[in-house]
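The structure appears below as structure tokens.
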Amino acid sequence: MRLAFYAPLKPPDHPVPSGDRRMSRLLIQAVERAGHEVELASRLATRDGLGERQSEIAAQAAAECERLLALFAGRPPAERPAAWFTYHLYYKAPDLLGPALARALAIPYLVAEASIAGKRAGGPHDAGHRATLSAIRAAARIFVLNPADRECLEPFVESRRLVDLPAFLDLGALAAPGEGRAVLRRTLADCHGLDGDQPWLIAVAMMREGDKLASYQFLGRALQGLLDLPWQLLVAGDGPARPDVEAALAPLGPGRVFYLGLLRERDIAHCLGAADLCVWPAVNEAYGMALLEAQAAGLPVVAGAVGGVPSIVRQGHTGLLTPPGNVDAFAAATCALVKGPRLREAMAAAARENVRRHHDIAAAAAILDRALREACAEAAGA
């Protein structure tokens, strides 16, 4: 069947890489793997960071709804979407298209990664909050990627409409660690002047103001307590906050931090496959796609136990999770893995197995396909 796909925060073909864009693309791949056809319905971005453009965005959305209705009405019935699928809606980026179009076309409306923030009611983002709440109530199925969202959704959605969908990767597209690790490591060392005899820590994240910068600043403070140990930090990512990131990591001193720049997904996988330990505080992170990618490459993880991070990093088994905001605990966990190569090796094997068993795209495709068919059958019988 044909699905209309929409991501109000950032379209899947957005030029700036992010975990959100990555998950959007993976959802499309998973649905296609299940045998369905996916059409990107719109690139309208509804994000309003300050809550000052909601009327303007609503007008744009109304015009876009009219355009899409005319587009779909002009097609033969077999070429119209059989369902609408929206990824990632919340008060700053509500879905102002899907619910109305699904009603007009008499098709089921499905969403993935939706959250409700009740404290936004009545404030600058009130319109976005109310639109998100309305969309959630209209959804035939809501795929819960971040288990932390389930608690806020349950008062508004009957349980049968909530479908757990663990964050996932297309493992076939990633670099194999194993026997290829020595080659990847040698290549990276030659390219960036790294010391192959030292443990390599790696952080993968865009350099933006807000939570990403806060994570880099947290990481810089934590690693300052480990300067008596041998290690080097690889940083994969770039962005407008790079000067601030470099300032946050400058106290680590010369020969410690190596900036790899903005990399393609395949190159990120190669860098992860060459490193020894992924370190990321995950300030206000939903779950952290980079943490999942690191484990797929055979890296143990040190991260903050924030949001849905504990759902993808198994504490004490595939990595070490520390209390949010606790710099000393993060430093201690990193120290334990820098000084414990055998522990790193055991966690590396467990990390690869964890992703293979619980976070592969094949399992996600099956979950999506089953829920989609159930929603379409319910709509047909209504």
Review point. With no hydrogens and no angle check, is any side-chain donor or acceptor of T132 less than 3.5 Å from a backbone partner on Y90?
Key: yes

Exercise for review: Apply ring-ring contact (aromatic ring centres under 6.0 Å, His included) to Y109 and Y6, showing your working.
Suggested key: CA-CA 11 Å; Y109 173 62; Y6 175 53; 9.7 Å; no

Check your understanding: For the side chain of Q54 and the backbone of G128, is there at least one donor-acceptor N/O pair under 3.5 Å apart?
Key -> yes

Review point. Between L3 and P81, is any pair of side-chain heavy atoms under 4.5 Å apart?
Key: no

**Study point:** Lys/Arg N to Asp/Glu carboxylate O, D126 vs R130, below 4.0 Å
**Key:** yes

**Study point:** Shared hydrophobic cluster, L263 / L299 (ILVMFWY, side-chain heavy atoms < 4.5 Å)
**Key:** yes

Check your understanding: Taking side chain as C-beta onward, heavy atoms only, is R342 less than 4.5 Å from M347?
Key -> no

Exercise for review: Please confirm whether F330 and F218 have ring centers closer than 6.0 angstrom.
Suggested key: yes

Point to revise | Polar side-chain atom of D360 near backbone of A363 as donor-acceptor pair, under 3.5 Å | key: no

Point to revise | Lys/Arg-Asp/Glu bridge criterion (N-O < 4.0 Å) met for R160, E378 | key: yes

Exercise for review: Classify the angle between the aromatic ring planes of W84 and F72 as parallel (below 30°), tilted (30 to 60°) or perpendicular (above 60°).
Suggested key: perpendicular

Review point. Any donor and acceptor pair, going by atom type alone, linking the side chain of R256 with main-chain N or O of W231 inside 3.5 Å?
Key: yes

Check your understanding: Can R186 and D190 be counted as an ion pair, charged N to O under 4.0 angstrom?
Key -> no

Point to revise | Non-hydrogen side-chain atoms of S42 and L68 separated by less than 4.5 Å | key: yes

Exercise for review: Without swapping roles, check the side chain of R80 against the backbone of R75 for a donor-acceptor pair under 3.5 Å.
Suggested key: yes

Check your understanding: Mind checking whether R356 and R352 have side chains closer than 4.5 Å, heavy atoms only?
Key -> no

**Study point:** Any donor-acceptor pair under 3.5 Å from S215 side chain to V283 backbone
**Key:** yes

Point to revise | Side-chain donor-acceptor pair present, D95, T86, cut-off under 3.5 Å | key: yes

**Study point:** Donor-acceptor contact below 3.5 Å, side chain R141 vs main chain L162
**Key:** no

Review point. For D13 and R43, what are the C-alpha separation, side-chain angles and deciding distance, and is it a salt bridge (charged side-chain N to carboxylate O under 4.0 Å, His left out)?
Key: CA-CA 9 Å; D13 55 0; R43 292 181 175 83; 2.7 Å; yes

Review point. Do the non-hydrogen side-chain atoms of L97 and T46 ever get within less than 4.5 Å of each other?
Key: no

Review point. If Ile, Leu, Val, Met, Phe, Trp and Tyr residues are connected whenever their side-chain heavy atoms lie under 4.5 Å apart, and connections chain through other members, are V204 and M207 in the same group?
Key: no

Check your understanding: Taking a hydrophobic cluster as the set of Ile, Leu, Val, Met, Phe, Trp and Tyr residues connected by side-chain heavy atoms closer than 4.5 Å, whether directly or through intermediates, do L110 and V144 fall within one such cluster?
Key -> no

Practice item. Give the cluster check for V279 versus F258: same hydrophobic cluster or not, with ILVMFWY residues linked at side-chain heavy-atom distances below 4.5 Å. Key: no

Review point. Does a salt bridge link D170 with R33, judged by any charged N lying under 4.0 Å from a carboxylate O?
Key: yes

Check your understanding: Looking at side-chain heavy atoms only, is the closest gap between V157 and R137 below 4.5 Å?
Key -> no

Practice item. State plainly whether one hydrophobic cluster holds both L368 and V163, where clusters connect Ile, Leu, Val, Met, Phe, Trp and Tyr through side-chain heavy atoms under 4.5 angstrom apart. Key: yes

Check your understanding: K212 and E285: salt bridge (charged side-chain N to carboxylate O under 4.0 Å, His left out), yes or no, with the steps?
Key -> CA-CA 9 Å; K212 296 298 185 188; E285 202 86 58; 3.0 Å; yes

Check your understanding: Does the side chain of L133 reach to within under 4.5 Å of the side chain of F156, using non-hydrogen atoms?
Key -> yes

Point to revise | Any side-chain donor near an acceptor of the partner, S24 and K10, under 3.5 Å | key: no

Review point. Would you say the side chains of N354 and H317 form a donor-acceptor pair under 3.5 Å?
Key: no

Check your understanding: Under 3.5 Å, is there a donor-acceptor pair between the side chain of Q198 and the main chain of P230?
Key -> no

Point to revise | Donor-acceptor pair, side chain of N146 and main chain of Y287, under 3.5 angstrom | key: no

Check your understanding: Does the side chain of D48 come under 3.5 Å of the side chain of H125 through a donor N or O and an acceptor N or O?
Key -> no

Practice item. State which residue, out of V302, V301, L201, D276, fulfils the side chain to side chain contact (heavy atoms under 4.5 Å, CB included) condition with L337. Key: V302

Check your understanding: Atom CG in L145, atom CD in E113: separation rounded to 0.5 Å?
Key -> 5.5 Å

Exercise for review: For W200 and D195, indicate whether the former's side chain and the latter's backbone hold a donor-acceptor pair under 3.5 Å.
Suggested key: yes

Review point. Hey, are the side chains of C271 and I202 touching, using non-hydrogen atoms and a 4.5 Å cut-off?
Key: yes

Exercise for review: Give the intermediate values and the outcome of salt bridge (charged side-chain N to carboxylate O under 4.0 Å, His left out) for residues R2 and E39.
Suggested key: CA-CA 7 Å; R2 178 191 293 263; E39 172 183 4; 3.4 Å; yes

**Study point:** Donor on one side chain, acceptor on other, E246 and Y216, under 3.5 Å
**Key:** no

Practice item. State whether the number of non-hydrogen atoms from other residues, nucleotides or ligands found under 6.0 Å of Q224 atom CD is greater than 12. Key: yes

